[in-house]
Amino acid sequence: MHKILVFTDIHIVAQGQTIIGLDPFARFTQGLAHALARHPDAARIVLCGDLTHRAAPEEYARLREALADCPLPVSLMLGNHDRRAAFLTAFPETTQMDSGHIQHTADIGAYRLICLDTLDEAAPDLHSGWLCPARLDWLDQRLNEAGPRPVIVFTHHPPIDTGFAGMDAIGLRNRDELISRLSAADNVVQIMSGHIHRTVQGSAGGIPTAILKSPCHQMPMSLDAQDTSLSIDEPGAYGLLLLTETGVIVHTEDFTLPATLSATYS
């Protein structure tokens, strides 16, 4: 069995700034320390986009600081709050396509992880996602190369509707093109996404799809709200994937809850 730690929607801000009174840098470093202390045997960490809040150079510099002593390999992905040029200035060693998009793979045991770049810097609504032909062609190649390996695909924008009206309106605009490819590949066993700031389970073309909470601020449980900036101070979380011989198990850990003592039921 192999473990993968997953964080999404980190939203690092500049020193001294907060989001609804919460410090995203402090929340992320707390969550990272929590995860590493409990799962030092994890094979990799995946950060599923919205690494920063405004894509400012200082914010990416603070993220690099937060990851400086991380003992595990880290897959960095982009979300709608990120910008490629600013990100690559801070992380120039990041693998990128010839087109400049931030997509890459990692093979962990019997599994292949495929991390996609759904950021659309020219989105008409500023925040929805898009996968251009170059990114989809790259995906086709990586799926084909995986052969019989079970594949886990990571995206920032989920390929499903979630019931949150405002967030679904800024989802992945060409998700049908993505789902058709993943369904036809026959080796994709799990999709992991962010963007919504809530824990959501669903299915995309028959493929199990899990959406994780942010380590910082969450979307309130208000399905009809059109305001995508609504935020609430609920427990921050990260994901833990167990890659087993029989499939993928997805856990979510609320790391900001008060510590409790273990007890045995009589």
Side-chain angles (χ1 to χ4, degrees), residues 6-13 18-22 24 27-28 46-55 77-83 115-132 135-136 153-183 188 190-239 250 252-254 256:
V6 186
F7 288 83
T8 187
D9 298 280
I10 300 167
H11 287 269
I12 297 291
V13 295
T18 62
I19 298 176
I20 65 166
L22 301 173
R27 280 290 190 105
F28 175 58
V46 180
L47 306 187
C48 283
D50 279 3
L51 306 174
T52 67
H53 195 54
R54 298 180 178 87
M77 297 169 55
L78 301 185
N80 47 291
H81 279 262
D82 295 304
R83 292 296 177 265
C115 298
L116 298 180
D117 178 351
T118 61
L119 169 60
D120 181 5
E121 296 189 68
D125 52 26
L126 303 180
H127 291 292
S128 62
W130 182 260
L131 287 166
C132 63
R135 282 174 277 184
L136 290 171
V153 173
F154 294 81
T155 69
H156 178 71
H157 295 82
I160 61 171
D161 275 339
T162 63
F164 288 97
M167 296 304 295
D168 289 341
I170 58 167
L172 184 62
R173 301 198 307 278
N174 62 334
R175 68 184 184 189
D176 289 346
E177 291 184 78
L178 174 61
I179 293 172
S180 65
R181 282 168 162 79
L182 301 184
S183 298
V188 181
Q190 181 71 50
I191 302 169
M192 298 297 304
S193 302
H195 190 51
I196 308 299
H197 291 239
R198 290 215 71 92
T199 304
V200 183
Q201 302 287 333
S203 175
I207 303 169
T209 302
I211 302 167
L212 298 175
K213 291 165 61 177
S214 165
C216 188
H217 53 295
Q218 315 307 336
M219 167 69 71
M221 195 64 189
S222 180
L223 295 177
D224 295 332
Q226 297 293 330
D227 186 351
T228 60
S229 66
L230 292 176
S231 300
I232 189 170
D233 180 5
E234 291 183 349
Y238 59 85
V250 180
T252 180
E253 177 75 2
D254 289 340
T256 60

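This chain uses plain numbering: 1 for the first residue, then up along the sequence.
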Original post:
Taking only residues two or more places apart in sequence, or in another chain, which ones meet Asp9 in a side-chain hydrogen bond (donor to acceptor under 3.5 Å, both in side chains)?
Top reply: His197
**OP:** Name all residues meeting the side-chain contact (heavy atoms from CB on, under 4.5 Å) criterion together with Ser193; count only those two or more places apart in sequence or in a different chain, and write none if there are none.
**Re:** Thr155, Pro158, Pro159, Ile191, Ile211
Original post:
When rounded to the nearest 0.5 angstrom, what distance separates CD1 in Ile160 from CG in Asp168?
Top reply: 8.5 Å
**OP:** Might you point out which heavy atoms bring Phe154 and Cys48 nearest each other, and give the distance in Å?
**Re:** CD2-SG, 3.7 Å
Original post:
Under the 3.5 angstrom rule, does the side chain of Thr118 hit a backbone N or O of Trp130 as a donor-acceptor pair?
Top reply: no
**OP:** Just jot down the salt bridge (charged side-chain N to carboxylate O under 4.0 Å, His left out) partners of Glu253, sequence neighbours excluded, or say none.
**Re:** none
Original post:
Can you find a pair of side-chain heavy atoms, one from Ile20 and one from Ser231, that are under 4.5 Å apart?
Top reply: yes
Original post:
Once the angle between the rings of His157 and His195 is folded into 0 to 90°, is it parallel (under 30°), tilted (30 to 60°) or perpendicular (over 60°)?
Top reply: tilted
Original post:
Under the criterion side chain to side chain contact (heavy atoms under 4.5 Å, CB included), which of Leu126, Ile12, Asp50, Leu51 is the partner of His81?
Top reply: Asp50
**OP:** Mind checking the NE2-CG spacing from His156 to Leu78? Nearest 0.5 Å is all I need.
**Re:** 9.5 Å
**OP:** List for me each residue that meets salt bridge (charged side-chain N to carboxylate O under 4.0 Å, His left out) alongside Asp176, sequence neighbours excluded, and say none if there are none.
**Re:** none
Subject >> side-chain hydrogen bond (donor to acceptor under 3.5 Å, both in side chains) partners of Glu121, counting only residues at least two apart >> reply: Arg84
Subject >> Separation of Leu182 CG from Glu177 CD (nearest 0.5 Å) >> reply: 11.5 Å
**OP:** Show your reasoning for whether side chain to side chain contact (heavy atoms under 4.5 Å, CB included) applies to Thr252 and Tyr238.
**Re:** CA-CA 6 Å; Thr252 180; Tyr238 59 85; over 6 Å; no
Subject >> Arg83 CZ to Arg54 CZ distance, which is reported to the nearest 0.5 Å >> reply: 13.0 Å
Subject >> OG1-CE distance between Thr228 and Met167, expressed to the nearest 0.5 angstrom >> reply: 6.0 Å
Subject >> With sequence neighbours excluded, residues passing salt bridge (charged side-chain N to carboxylate O under 4.0 Å, His left out) with Asp125 >> reply: none
**OP:** Please round to the nearest 0.5 Å and tell me the distance separating atom OG1 of Thr8 and atom CG of Leu47.
**Re:** 8.5 Å
Subject >> Thr18: partners by side-chain contact (heavy atoms from CB on, under 4.5 Å), with sequence neighbours left out >> reply: none
Original post:
Which atom pair, heavy atoms only, marks the closest approach of Gly236 to Arg27?
Top reply: N-NH1, 3.4 Å
Subject >> side-chain contact (heavy atoms from CB on, under 4.5 Å) involving Ala210 - partner list, sequence neighbours excluded >> reply: Gln190, Met192, Gln201, Val250
Original post:
Within the distance-only criterion (no hydrogens, no angle test), does the side chain of Arg135 pair as donor or acceptor with the backbone N or O of Asp117 below 3.5 angstrom?
Top reply: yes
Subject >> Donor-acceptor contact below 3.5 Å, side chain Ser128 vs main chain Ile170 >> reply: no
**OP:** Give the C-alpha distance, both sets of side-chain angles, the deciding distance and a yes or no for side chain to side chain contact (heavy atoms under 4.5 Å, CB included) between His11 and Phe28.
**Re:** CA-CA 9 Å; His11 287 269; Phe28 175 58; over 6 Å; no
Subject >> Whether Ser183 side chain and Ser180 backbone form a donor-acceptor pair below 3.5 Å >> reply: no
Subject >> Heavy-atom pair of closest approach, residues Ile232 and Met219 >> reply: CG2-C, 4.1 Å
**OP:** Provide the full list of salt bridge (Lys or Arg N to Asp or Glu O under 4.0 Å) pairs with a residue in residues 206-229, sequence neighbours left out, each pair given once.
**Re:** Lys213-Asp254
Subject >> For Gln226, side-chain hydrogen bond (donor to acceptor under 3.5 Å, both in side chains) partners two or more places apart >> reply: none
Original post:
For Leu230 and Ala225, which heavy atoms make the closest approach, and how far apart are they?
Top reply: CD1-CB, 3.5 Å
Original post:
Can you name the side-chain hydrogen bond (donor to acceptor under 3.5 Å, both in side chains) partners of Glu234, sequence neighbours left out?
Top reply: Arg198
**OP:** Kindly say whether Ala122 contributes a backbone atom to a donor-acceptor pair with the side chain of Asp120 at under 3.5 angstrom?
**Re:** yes
Original post:
Can you list the residues that meet the side-chain contact (heavy atoms from CB on, under 4.5 Å) rule with Pro24, with sequence neighbours excluded?
Top reply: Val13, Ile19, Cys216
